[in-house]
Amino acid sequence: MTDKNSKTAAQQLPGFVTAKPNDPARRTASSKSLIRRFWPYEKKYWKIVVFDLFCASLTCLCDLVLPLILRTITNMAVNDLAALTVGLVLRLGLLYLVLRLIDAAAQFYMADTGHVMGVYIETDMRRDAFDHLQRLSHTYYSNHKIGQIMGRVTNDLFDVTEFAHHCPEEFFIAAIKIVVSFGILCTYNVPLTLLLFACVPLMAVVSTTITPRLRAAMRRQRVQIGELNAQIEDSLLGERVVKAFGAEETEKAKFEEGNLAFQNIKKRTYAFMALFQCSTRLFDGLMYLVVVLGGGIFVVKRWISPGDLVAYTLYVSTLIATIRRIVEFAEQFQRGMTGIERFFEILDTDIDIFDEPGAVDLQVDKGGIVFRDVSFEYPDDHNSVLRHVDLTIRPGERVALVGPSGGGKTTLCNLIPRFYDVTSGEIAIDGQNIRTVTLKSLRAAIGIVQQDVYLFSGTVAENIAYGKADATRAEIEQAARLAGADAFIRTLKDGYDTYVGERGVKLSGGQKQRISIARVFLKNPPILILDEATSALDNESEILVGQSLEKLAHGRTTLTIAHRLTTIKAYDRILVLGAEGIVESGTHDQLLEQKGIYYRLWNQIPSGETL
């Protein structure tokens, strides 16, 4: 299922071919289709674009008028020297000075406001990409490296900034200069001009042959730098594990492999770039050769005057400089196209968890949860985890989920806040199908405490208030007291204003866990999910966190995933999940009496041994 506002890549960009994630050949799209999709971002600033193009036309005046001034002076010097006065030269010089001042003002606007417009567009695109990423499901992040994603929303869009500004003005300036130069050159000598412009189609053929290869090489370069970023991020975030296992040399070897791969890709990119520039310089020389030979012969035959030949040569120089500028811009153009293409790959990713049309806010009265014939398989690999699960959890009931790894405990809990959608069946909270309520209201009603606590870079207070940005300091401190965290927080250097470091690196596991529990106390949800919240803690921390969790769970509908069975003895009900779904259900004492899977787990009896 897809969002009503979301389309697949095939729908958005005809001709796209999907493949493995981050494959350089994953998608190919024509520049025309990419520019058509990019245009709405540029259109938003059309007034700036229009005035930028107007300024671009003004910058052409100097280049187009200078040959006419020199032609006038040269022809008068050759044909009527007496008519060439100091006053005329001064007037022509003043005219050129005025044009240069206009050119300077126009260039300032293009370099300043034009580039700022590119920054605006980059900001808009990055905002859209980040908003879309926030709406993508767990499946997407399971299949894509964070380093790759970061590269798409940062580095790739830097090149789009330059593209957004320079693309319209470069082509506009080129069009003016080529058309005007062609017209003026024809007034001087039509045969020589036609001979000169006969080189252009040949140049176009060579260019269109090389540029697709250049773009493909640039795409491979972007993919590889994303892989390199992901590898660096992985290594640095896991630096404690690296040091603990003495694996520095292994990490160096992995980095060196990726770094050399990037080097080789860049070498290939520059090879295509060099071939491209070499071919254009050869055509430059060919066009100058036509002017030298043809112009010289035409002067000898008196088919063109010396002054006209000077002007002609200057216009040809302007024309060649324009073509060379477009050729040089081709590299920036391809970088921009690559960035735009990779940007739209993000936006084309289907949003599979979304608000259904007509969704309403969830109204939680008591917090009862019902699973009706629920089955689930992961959408990326179609691995079936849950099959035809029927389960009723009473309001305020404390339910524990136990069983072997891979039995679906975490998956079952993840279905309640719709981190994934059920494949079939339905889940209801207080009689309301969770597919018919808004995601925001659904997740606001659920508090989650996980084993792997994630703290954001910031202060202790900011992390506690993460789920309630408008919380007062008094509310934050009260939540911390309820979580048993207030005492240790006050011993920190700056108390609640202590910077916790990236991922809370400056705090112990137990301290981070109690801060995460304080978050949920502050949120105050009617439904609570505890995902092995104490399994990674030492004994003392487990006791402290366990006491906090007891207070947190009081009066709330609670689902707990537990590996340490001693923590759930007093629960209202314990569910044992296996390959067939819920295989046992009851209190701690009832399950021990059955002498089934739970009995084996409690007594640590291997599954192969007989009782």
Side-chain angles (χ1 to χ4, degrees), residues 1-7 130-141 349-379 385-399 401 408-450 465-471 519-531 552-553 555-561 575 582:
M1 184 171 291
T2 58
D3 191 319
K4 60 182 178 180
N5 296 320
S6 174
K7 295 182 179 179
F130 187 79
D131 288 348
H132 194 80
L133 286 168
Q134 291 293 302
R135 300 171 67 194
L136 296 178
S137 69
H138 285 27
T139 303
Y140 178 81
Y141 293 98
T349 303
D350 288 342
I351 299 172
D352 47 14
I353 307 293
F354 54 90
D355 288 342
E356 297 282 359
V360 297
D361 286 345
L362 175 67
Q363 302 298 324
V364 182
D365 181 23
K366 298 178 180 179
I369 305 172
V370 177
F371 285 69
R372 298 190 184 96
D373 194 29
V374 169
S375 296
F376 174 77
E377 65 177 30
Y378 285 100
V385 181
L386 300 174
R387 301 178 184 83
H388 308 292
V389 174
D390 289 294
L391 173 64
T392 298
I393 301 172
R394 297 183 300 274
E397 185 179 15
R398 294 190 303 168
V399 176
L401 305 176
K409 302 183 295 296
T410 300
T411 299
L412 186 143
C413 290
N414 283 340
L415 293 176
I416 300 174
R418 288 188 66 195
F419 292 154
Y420 299 99
D421 270 336
V422 299
T423 304
S424 63
E426 70 172 47
I427 301 172
I429 296 178
D430 283 347
Q432 302 159 81
N433 188 334
I434 62 173
R435 294 287 289 271
T436 64
V437 300
T438 60
L439 284 169
K440 185 174 182 179
S441 65
L442 172 65
R443 292 170 182 172
I446 302 170
I448 301 175
V449 181
Q450 298 172 315
Y466 185 74
K468 189 180 180 182
D470 59 348
R519 274 182 190 166
V520 181
F521 265 118
L522 186 61
K523 184 178 181 181
N524 194 28
I527 298 171
L528 186 62
I529 296 175
L530 307 177
D531 189 353
L552 179 61
R556 308 176 199 271
T557 304
T558 304
L559 280 82
T560 298
I561 299 172
L575 305 178
I582 300 174

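Computed from a prediction, not measured in an experiment: that's the story for all the values here.
In this structure the side chain of Leu401 never reaches within 4.5 angstrom of the side chain of Thr560, judged on heavy atoms. Residues Gln363 and Asp365 have side chains not in contact (no heavy-atom distance under 4.5 Å, counting atoms from C-beta outward). Here the side chains of Phe419 and Ile448 are in contact, with some heavy-atom distance below 4.5 Å. Side-chain contact between Leu415 and Val374: present, with at least one pair of heavy atoms (C-beta onward) separated by less than 4.5 Å. Taking the side chain as every heavy atom from C-beta outward, Ile351 and Ile353 never approach each other to under 4.5 Å. Looking only at side-chain heavy atoms (C-beta outward), Leu528 and Thr557 stay at 4.5 Å or farther from each other.
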Tell me, with the steps shown, if Tyr140 and Asp350 meet side-chain contact (heavy atoms from CB on, under 4.5 Å). CA-CA 9 Å; Tyr140 178 81; Asp350 288 342; over 6 Å; no
Begin from the C-alpha positions of Phe354 and Thr438 and carry the test side-chain contact (heavy atoms from CB on, under 4.5 Å) through to its verdict. CA-CA 8 Å; Phe354 54 90; Thr438 60; over 6 Å; no
Before giving the answer on side-chain contact (heavy atoms from CB on, under 4.5 Å), spell out for Thr558 and Leu530 the whole-Å C-alpha distance, their side-chain angles and the decisive distance to 0.1 Å. CA-CA 8 Å; Thr558 304; Leu530 307 177; 4.1 Å; yes
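The closest donor-acceptor contact from the side chain of Asp430 to the backbone of Val364 lies at 3.5 Å or more, if one exists at all. The backbone N or O of Ile561 sits nowhere less than 3.5 Å from a side-chain atom of Asp531 that would complete a donor-acceptor pair. In this structure, the side chain of Ser441 engages the main chain of Leu362 through a donor-acceptor pair within 3.5 Å. Distance alone, capped at 3.5 Å, places no donor-acceptor pair between the Tyr420 side chain and the Ser137 backbone. In this structure, His132 contributes its side chain and Thr349 its backbone to a donor-acceptor pair below 3.5 Å. Side chain of Arg372 to backbone of Glu426: no donor-acceptor contact under 3.5 angstrom is found.
Within 6.0 Å of atom OH in Tyr141, more than 12 heavy atoms from other residues, nucleotides or ligands are found, so the atom counts as buried in its surroundings. Within 6.0 Å of OH on Tyr466 lie no more than 12 heavy atoms contributed by other residues, nucleotides or ligands.
Within the model, atoms CG of Leu412 and CD1 of Ile529 stand 9.0 Å from one another, a figure rounded to the nearest 0.5 Å. How far CG of Leu439 is from CG of Asp361: 11.0 Å, rounded to the nearest 0.5 Å. Taking CG of Leu442 as the start and CD1 of Ile434 as the end, the distance is 5.5 Å to the nearest 0.5 Å. Taking NZ from Lys409 and CG from Asn414, the interatomic distance works out to 12.0 Å, rounded to the nearest 0.5 Å. Summarising the geometry, atom CG belonging to Asn433 is positioned 10.0 Å from atom CD1 belonging to Ile429; distances are rounded to the nearest 0.5 Å.
When all heavy atoms of Arg443 and Lys523 are compared, the closest pair comes out as O-NZ, 2.7 Å. The minimum heavy-atom distance linking Ala444 with Pro525 is given by the pair O-CB, 4.0 Å.
Arg418 pairs by the salt bridge (Lys or Arg N to Asp or Glu O under 4.0 Å) definition with Asp421, not counting sequence neighbours. Residues forming a salt bridge (Lys or Arg N to Asp or Glu O under 4.0 Å) with Lys468 (at least two apart in sequence, or on another chain): Glu475.
A donor atom on one side chain and an acceptor atom on the other are found under 3.5 Å apart for Arg556 and Asn524.
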Run the side-chain donor-acceptor check on residues 386-394: report pairs under 3.5 Å with partners two or more places apart or on a different chain.
unit_1: Arg387; atom_1: NH1; unit_2: Ala579; atom_2: O; d: 3.0
unit_1: His388; atom_1: ND1; unit_2: Asp373; atom_2: OD1; d: 2.8
unit_1: Asp390; atom_1: OD1; unit_2: Asp373; atom_2: N; d: 2.7
unit_1: Arg394; atom_1: NH2; unit_2: Glu397; atom_2: OE2; d: 3.1

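Each of Thr411, Thr423, Thr139 was evaluated against Tyr378; a single residue qualifies, Thr411, per the side-chain hydrogen bond (donor to acceptor under 3.5 Å, both in side chains) test.
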